[in-house]
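Each chain gets a letter, A, B and so on, in the order its sequence line appears, and its residues count up from 1.
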Amino acid sequence: MIKNTKQNYLNHPRGIMSWLLTVDHKRIGLMYLVSGILFFFMGGLLALVMRFELAAPGNDIISNEIYNNAYTLHGAIMIFLFIIPAIPGALGNILLPLMVGAKDVAFPRLNLASFYIYSFGALFALYTIVNGGVDTGWTFYTPYSTQSSSNVVPMTLGIFIIGFSSILTGLNFIATVHKMRIPGLTWYKLPLFVWALYGTSLVQITATPVLAITMVLLMLERFLGIGIFDPALGGDPVLYQHFFWFYSHPAVYIMILPAFGIISEIIPVHSRKKIWGYKFIAYSTLSIAFIGFLVWGHHMFTSGQSVFSQIVFSFITYFVGIPTGVKIFSWILTMYKGQVSFTPPMLYALAFLFLFTIGGLTGIFLGAVALDIHLHDTYFVVAHFHYVMQGGTIVAFLGGLHHWWPKSFGVMYNQTIANIAALGVFIGFNGTFFPQFLLGLRGMPRRYATYDEQFVELHSYSTFWSGILGISIFIAVMNLFWSFMKKNKVDPGSNPWGGMTLEWTHTSSPPHPHNFEEEPVLQHGPYDYDKVIVQKTYKK
Amino acid sequence: MAHHNPDAPSHLKHYFHDVNQQYETSKFAMWAFILTEVLTFAGLFVAYIVYRSWYPDMFVDAHKLLDVNKGLMNTIVLITSSLTMALAIWAIQKNNKKLSVFMLLATFIFALVFLGIKFLEYSHKFEVGQLPGEFYSYMGPDAVHLNNPHIFFSIYFIMTGLHGLHVAIGMGLIAWLVYSTQKGNLTSEYYTPMEMIGIFWHLVDLIWIYLFPLFYLIG
Amino acid sequence: MLDRLTEFFFPKQVSTFASEIDSLYFFIFYSSVALFFIVVFGMLYLSIKYRHRKGEELKLTSSKAHSNLLESLFFIIPLILVSITFVWGIRAYLKMVIVPDDAIEIKVTGVSWFWTFDYPDGGQTLNELVVPSNTPVKLVLSSKDVLHSFFIPVMRSKMDCLPNRYNVMWFDATKEGVYDIFCTEYCGTGHSQMGAKVIVMRPAQYEEWALELGADDDSIPLDELGAKLYTQKACNTCHTEDGSALVGPSFLQTSQMYEQERVFDDGTSSIIDDNYVRNSILEPQTQIVAGYQGVMPTYQGLLNDRELDALITYIKSLDGDSQI
Amino acid sequence: MSEHHITPLRTYLIIAASLLFLSGVTVWVSYIDLGSFNIVLAMFVATVKASLVAFFFMHLLWDDKKNLTMFLMSLMFFGIFVTITMLDTEFRGDLGLNPEVKDPINKRAAFYDTLPLTDTHGHPVDEHSDEHHEDKDHH
């Protein structure tokens, strides 16, 4: 049913304007991908600068000021410019309409607007770099952020603007999932990646407005001294933290839910096995998205909030852990009696399971108030967060890129290099961040440009492996990029992993400009490997 | 594109099956947008509630510095504009273009009146120095005992200001509606934009319904 | 065995509640290790056992994708574990927040970027918290400017310091010694240098020390007192005595430039003299040396006149006897 | 589009009249001192008004129930935000650990010390003159 057509979204229509003014979700997704990867490298470079500074205790390479700017920009770029907008923006945009059998998202022009709003906001964030940086940390805690002479306003303005892009993307995805599915594609037949994006979008539209208003209040605090967050004016800095984390805790789920979705696609396809506990995974996505709104106070266990809320927050925090745990077990059991191939996407998925399990379990340590008081704001938190965000989200993102690369661009990368890079990412990542758990337990505070002699050994290990991690990620991405440049084309009908969802079975690679040449008719569920044999077809 | 009906109406986008799907999708997305609006204001309501409970006496005394009459007038104006907006949609559903345009114009004028009254209120506050934050300078006999009244006025100005901004945006949208209805782009067959903007306009009313008692009445 | 493990993971246990927190840690740690091995073993076992062998035909795989028993086990076992963790965590936490009535009260103030400690019988120290052992000590924390967080790793305790508010923490130190204090809430350029020490003494020794506090200083010569204050009042976190620049200009440079003109960031300039140095300590924001940020807090109220004289004398003396 | 519900004109007029009536009621009630019950009553009236607007003017009553769900969801998250924040702000210094903690921020901002006294027009007045000669009902 996939015709050998020469026309696809990449070559039709042509011309620079056809890209800049495109309303095609696949092209917009590609633009998100390119800008996201650029920001990812920028943030990664800043991370390496910090790691090399921390190789030895003193101010050896950079001064305190530059270090503080570097870690603030690292956090802000990675979170606000890469993970939150670019992962749903790239993979979500390219795949969501294909997966539900739609010709496009519900509001294509809004989708394009959303990309430009994102770019516009990113300009402000980049402006802060040329204008001397910002040194408050990505959390912008008051009153430091109201006093700092660095570029707090351009940065918060940038984040405020990017927030709108996030909201519009969320609106678009929700409307698409609700209203654009082809007949017969009921909720329980949706690929789990769609469920994950749906959950992500719900969090995006619900939490982001609060971030927007928080950023507005912060800017007003600087301009007018409104006194809501500034203690010198009768305000309360802890209230700022409530506002900020009401967004930023759910934002963690904006970051991780798409990763859950990617893993839920990769594992069944590469194990050729029906996914274990479909309904459970689907519902746990929604319940995690919801419970994520109730637990923000665990970022504030040492802030001096009331003892009562400490206990409540600690209690609810554990309820996020349980559905997440069951998801991990479901993914593992999916492989039971399957046919597992160790392809690059599958290696990333297995690495995800390993790393995310550590990230999740260390969250339990931080949920126990008494223990968190010792661990709060130390490297333990840094390590935990990176195990979840990099070991979880970014590893899954790389896996997703490798999985859908031949589909999105009609080219195949060198699988051996991809496998080696995946291994390098896994080892380099553990080498970099595992020592940081120990650093935190031993009392090393985070956001330090210089530190005590006693921590030097673990810090230098961490720095050494961070180099390996950086190189591996670079190789992994370059390998993908290279295949694209070399035009290592695969046959448009190729389905190299034997995927069962609509984007594999009903459209060419790369997809047709209007997604499907004729409206797809649903023949089976997304993971029916017990009913249908889909051959792995891969021809150059 | 071979894939849709040659006699489909021109406003139907090619990626929708039929007009009903398109209408329902827009409306659903509009409600999702309303959700984001409510949560934008939610942050400010939280600030209001928290500070009210921390400074109960100051809030009670500071609210007396506001002008109830102007507030009530604005309430009436805004409710009436909501009615005219609803009637504009009713008229277009009945395909009565003339009435619809008239109602839209009325809504626009009410919105203008609302902002006018707001302007009078604001300019009085500016004159006497009842301003947000550090710009607060009013130490009149009825305020000299107040503890940090600038916080009340910060919240008052931010909330009513953001609400006023919504009114202004709504006016722009309504002006556009007047234009496209007059041109005949909107009919009883296709009036989705009017329905959407109507929902937005009622939301503006709905928020004012809470702002009015919270700032002007509760003592 | 457990002791050696504790030493591996944690700094020394010095407070009364430290051992309970460490045991909670080990409970979660062992449960996590067990769960982690189940996950990794399961993952490796299943993926290798059911791997797709070369040349093997693709086939219809099992439709087994659901098991009520297994799924409820996944639910119940973690639920039990986290319930224990929760209750344990809260019990330990309540011990950390309920201050004994007989605690001595010390006021801690965070200033960018040093700590001051005010003792119940008068007297103040800078960057050195002195406490008696085996006595509950209650710290009332606040801040002069931005948020700071007071962290004593050996006590396993930490609390944020907020301007215009008081937070409370307490501990009962069990072992004499000198231990680290860190600031763990980011507070600007000098955040990583905002360390201090807690000195735990025997109660008798503490009594003696507390009596002497504030009593000395009058007898030592000015330049020696200045040298002492240089570290005690945390000048050394921002100003070196060897000519290299940290957050602020080096004292050596100031010393060498005495009686010469110094240019400020607003373009004005002034002759460096005793009045200039005194003014720079008490009102640091009025004249900011070109090329530096105006980040120094005022020392108004933290130094008496004799101490100011001592610092001035000390700075002037640097030129003669220390060279790079 | 003929299948869309068209609300009868009468309904709109009745709803608008009730809204105006309720606005009057809420102003009237605010002049009666009911203590803390004032706020409860005012919020109750406001909620009735808001529901009228949402269900009739915004057509939620006749719409797809998904739209209502979206709206209710926004209120639910607002509720979560308020409730959980207040678990902190209302209970700071619970356990009675430290009396200073109890009333955390009721400290007048420093800039008030420099403000001159003003009359009800906002003009500075001499401190020694009679401050209360102005009529309070200026506006």
Side-chain angles (χ1 to χ4, degrees), chain A residues 64-65 68 137 141 143-144 147 231-232 237 272-277 280 302-304 307 311 314-315 318 321-322 325-326 328-329 332 335-341 350 353-354 357-358 361 364-365 368-371 373-374 376-378 441-443 445 447-451 529-530 533 535, chain C residues 9-11 21 24-25 28 32 35-36 39-40 42-43 46-47 50-52 58-66 71 74-75 78-79 82 85-86 89-90 92-93 96-97 146-147 149 151 153 156-160 162-165 167 180 182 184-193 247:
Chain A
N64 281 2
E65 285 94 342
N68 294 339
Y141 271 17
Y144 186 73
Q147 293 169 11
R272 301 190 65 78
K273 171 71 200 310
K274 198 182 181 80
I275 192 150
W276 191 281
F280 188 87
T302 65
S303 69
V307 175
I311 295 170
S314 170
F315 182 72
Y318 290 119
I322 293 171
V326 187
I328 291 178
F329 286 118
I332 290 170
M335 294 186 282
Y336 174 68
K337 289 195 176 170
Q339 286 180 304
V340 182
S341 317
L350 294 177
L353 287 178
F354 184 97
T357 304
I358 296 181
L361 287 171
I364 304 286
F365 294 82
V369 199
L371 199 50
I373 286 181
H374 177 63
H376 197 85
D377 272 332
T378 66
L441 283 165
R442 293 179 186 176
R447 297 179 169 184
Y448 267 29
T450 62
Y451 55 88
Y529 289 100
D530 54 334
I533 293 183
Q535 287 302 330
Chain C
F9 284 113
F10 284 101
I21 291 169
L24 171 61
Y25 170 81
I28 309 177
S32 298
L35 285 173
F36 179 68
V39 167
V40 172
M43 177 177 105
L46 290 176
S47 63
Y50 297 107
R51 73 185 180 279
H52 181 216
L58 294 179
K59 56 175 193 217
L60 289 180
T61 48
S62 159
S63 63
K64 176 101 181 113
H66 185 66
E71 265 148 59
F74 296 159
F75 226 92
L79 194 67
V82 296
T85 312
F86 170 71
I90 293 304
Y93 173 64
M96 295 170 81
V97 286
V146 296
L147 302 186
S149 191
F151 177 31
R156 309 284 184 274
S157 199
K158 178 187 291 143
M159 188 49 112
D160 282 10
L162 291 89
N164 270 6
R165 251 186 70 184
N167 277 339
D180 288 321
F182 297 118
T184 50
E185 188 66 82
Y186 176 69
C187 55
T189 314
H191 172 55
S192 35
Q193 277 84 33
V247 179

* Structure fact -> Of all heavy-atom pairs linking C:Leu46 and A:Ile332, the shortest is CD1-O, 3.2 Å
* Given A:Phe280 and C:Phe74, is the side chain to side chain contact (heavy atoms under 4.5 Å, CB included) satisfied, shown in steps? -> CA-CA 12 Å; A:Phe280 188 87; C:Phe74 296 159; over 6 Å; no
* Please look at C:Ile90 and chain A and tell me whether the side chain, the backbone, both or neither of the residue comes under 4.5 angstrom of a heavy atom of that chain. => side chain
* **Contact summary for A:Thr450 and C:Gln193, nearest pair of heavy atoms** => OG1-NE2, 3.0 Å
* Asked: Which value, rounded to the nearest 0.5 Å, describes the distance between A:Arg447 atom CZ and C:Ser192 atom OG?
  -> 12.5 Å
* Would A:Ser314 and C:Phe86 count as a side chain to side chain contact (heavy atoms under 4.5 Å, CB included) if you check the C-alpha gap in whole Å, the side-chain angles of each, and the deciding distance to 0.1 Å? -> CA-CA 7 Å; A:Ser314 170; C:Phe86 170 71; 3.6 Å; yes
* To do: List in chain and number order the residues that pass side chain to side chain contact (heavy atoms under 4.5 Å, CB included) with C:Ser32, two or more places apart in sequence or in another chain; answer none if no residue qualifies.
  => A:Leu361, A:Phe365, C:Ile28
* Asked: So A:Tyr318 and C:Thr85, side chain to side chain contact (heavy atoms under 4.5 Å, CB included) or not? Walk me through it.
  -> CA-CA 9 Å; A:Tyr318 290 119; C:Thr85 312; 3.4 Å; yes
* Asked: Of the non-hydrogen atoms in A:Ile322 and C:Pro78, which two are nearest, and what is the gap between them?
  -> CG1-CB, 4.4 Å
* When rounded to the nearest 0.5 angstrom, what is the spacing between CG in C:Leu58 and CD in A:Gln535? -> 5.0 Å
* Would you say the ring centroid of A:His374 lies under 6.0 angstrom from that of C:Phe10? -> yes
* Asked: Checking A:Tyr451 against chain C: side chain, backbone, both or neither under 4.5 Å from a heavy atom?
  -> neither
* Asked: What option among A:Ala449, A:Ala368, A:Ala232, A:Pro445 has the most heavy-atom pairs under 4.5 Å with chain C?
  -> A:Pro445
* Structure fact -> Smallest heavy-atom separation, A:Phe329 atom then C:Leu35 atom, equals CZ-CD2, 4.5 Å
* Under 4.5 Å from a heavy atom of chain A, the part of C:Ile21 involved -> both
* Asked: Is there a side chain to side chain contact (heavy atoms under 4.5 Å, CB included) between C:Met96 and A:Ile373 once you walk through the steps?
  -> CA-CA 10 Å; C:Met96 295 170 81; A:Ile373 286 181; 3.8 Å; yes
* **Side chain, backbone, both or neither of C:Met43 within contact of chain A (heavy atoms, under 4.5 Å)** => both
* Please report the closest heavy-atom contact between A:Arg442 and C:Phe9, naming both atoms and the distance. => CG-O, 3.3 Å
* To do: Examine whether an atom of C:Val40 lies under 4.5 Å from a heavy atom of chain A, and if so say whether it belongs to the side chain, the backbone or both; otherwise answer neither.
  => side chain
* **CG on A:Leu441 to OH on C:Tyr25, rounded to 0.5 Å** => 4.5 Å
* Structure fact -> Turns out that what part of A:Ile533 lies under 4.5 Å from chain C's heavy atoms comes down to both
* Shortest non-hydrogen contact between C:Lys64 and A:Tyr336, atoms and distance -> CG-CE2, 4.3 Å
